[in-house]
Amino acid sequence: MDSALSDPHNGSAEAGGAANGTTRPPSTPEGIALAYGSLLLMALLPIFFGALRSVRCARGKNASDMPETITSRDAARFPIIASCTLLGLYLFFKIFSQEYINLLLSMYFFVLGILALSHTIRSEGSLQHLKQLSQEPVQGPG
């Protein structure tokens, strides 16, 4: 028998795998290293180039045009505020049942959707378009 047909990694039925080829080949150290290396590279490159672009942009501006930066007091308060927020979320999810949380989220997104839709309809271009549609005569079949 051909070695490609009896290979356990190609999903052949003779190798004890699934007949439709849905078996997963085992991970190799090279494959894992490639995956983690590419993830690391994809995480670091945007940070590096973004920081490089930010530094180049900051050199060309004066102090009044610089964006607001975080102070040391804000940096010291951040972990406390974040911890209190996470504790509040934990207590909220522990106290209320899943049905109430789903209802609250559904209502929240419903209201946001209505507001977004009304803002879109009230925009000047949409109003003019609706006026044009309402002034055109409706022609029936024939």
Side-chain angles (χ1 to χ4, degrees), residues 1-139 141:
M1 184 170 251
D2 190 65
S3 65
L5 291 176
S6 63
D7 186 17
H9 300 302
N10 70 0
S12 62
E14 291 111 18
N20 63 0
T22 58
T23 58
R24 194 172 115 195
S27 300
T28 61
E30 295 85 12
I32 292 173
L34 178 67
Y36 283 126
S38 62
L39 280 174
L40 183 69
L41 194 65
M42 287 186 288
L44 292 179
L45 282 179
I47 294 170
F48 175 76
F49 286 117
L52 191 66
R53 185 175 175 193
S54 175
V55 167
R56 265 192 268 145
C57 183
R59 285 183 185 158
K61 295 182 179 181
N62 57 15
S64 65
D65 292 339
M66 292 298 295
E68 183 180 341
T69 58
I70 190 168
T71 64
S72 59
R73 182 176 180 215
D74 292 336
R77 289 189 330 183
F78 175 74
I80 297 166
I81 293 172
S83 298
C84 291
T85 303
L86 287 175
L87 178 66
L89 283 173
Y90 173 77
L91 292 175
F92 178 78
F93 284 110
K94 279 295 186 183
I95 293 172
F96 295 107
S97 67
Q98 184 178 0
E99 293 83 23
Y100 291 125
I101 294 171
N102 285 338
L103 179 67
L104 178 70
L105 288 174
S106 298
M107 292 303 295
Y108 174 73
F109 286 114
F110 176 74
V111 169
L112 283 181
I114 294 295
L115 290 174
L117 187 62
S118 66
H119 180 71
T120 303
I121 290 174
R122 287 187 182 180
S123 69
E124 187 130 346
S126 296
L127 282 177
Q128 290 175 358
H129 182 69
L130 288 175
K131 286 178 186 177
Q132 288 175 354
L133 286 177
S134 64
Q135 292 174 357
E136 292 178 5
V138 178
Q139 295 178 355

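Nothing fancy with the numbering, it's 1 onward along the sequence.
One N or O on the side chain of Ser83 and one on the backbone of Pro79 form a donor-acceptor pair closer than 3.5 Å.
The CG atom of Leu115 sits 10.0 Å away from atom CZ of Phe110, with the distance rounded to the nearest 0.5 Å. In this structure, Asp74 CG and Thr69 OG1 are separated by 9.0 Å, a value rounded to the nearest 0.5 Å. Between Leu104 atom CG and Phe109 atom CZ the span is 10.0 Å, to the nearest 0.5 Å. Between the CD1 atom in Ile70 and the CZ atom in Arg77 there is a gap of 9.5 Å [rounded to 0.5 Å]. To the nearest 0.5 angstrom, Leu39 atom CG is 8.0 Å from Tyr36 atom OH. Atom CG in Leu91 sits 4.5 Å away from atom CG in Leu87 (nearest 0.5 Å).
Under the side chain to side chain contact (heavy atoms under 4.5 Å, CB included) criterion, Ser27 pairs with Arg24, Ile32, sequence neighbours left out. Leu45 is linked by a side chain to side chain contact (heavy atoms under 4.5 Å, CB included) to Leu41, Phe49, counting only residues two or more places apart in sequence or in another chain.
Looking only at side-chain heavy atoms (C-beta outward), Phe92 and Ile101 come within less than 4.5 Å of each other.
Sorted by first and then second residue, the side chain to side chain donor-acceptor pair (under 3.5 Å) pairs with a member in residues 86-98 read Ser97-Glu99; sequence neighbours excluded.
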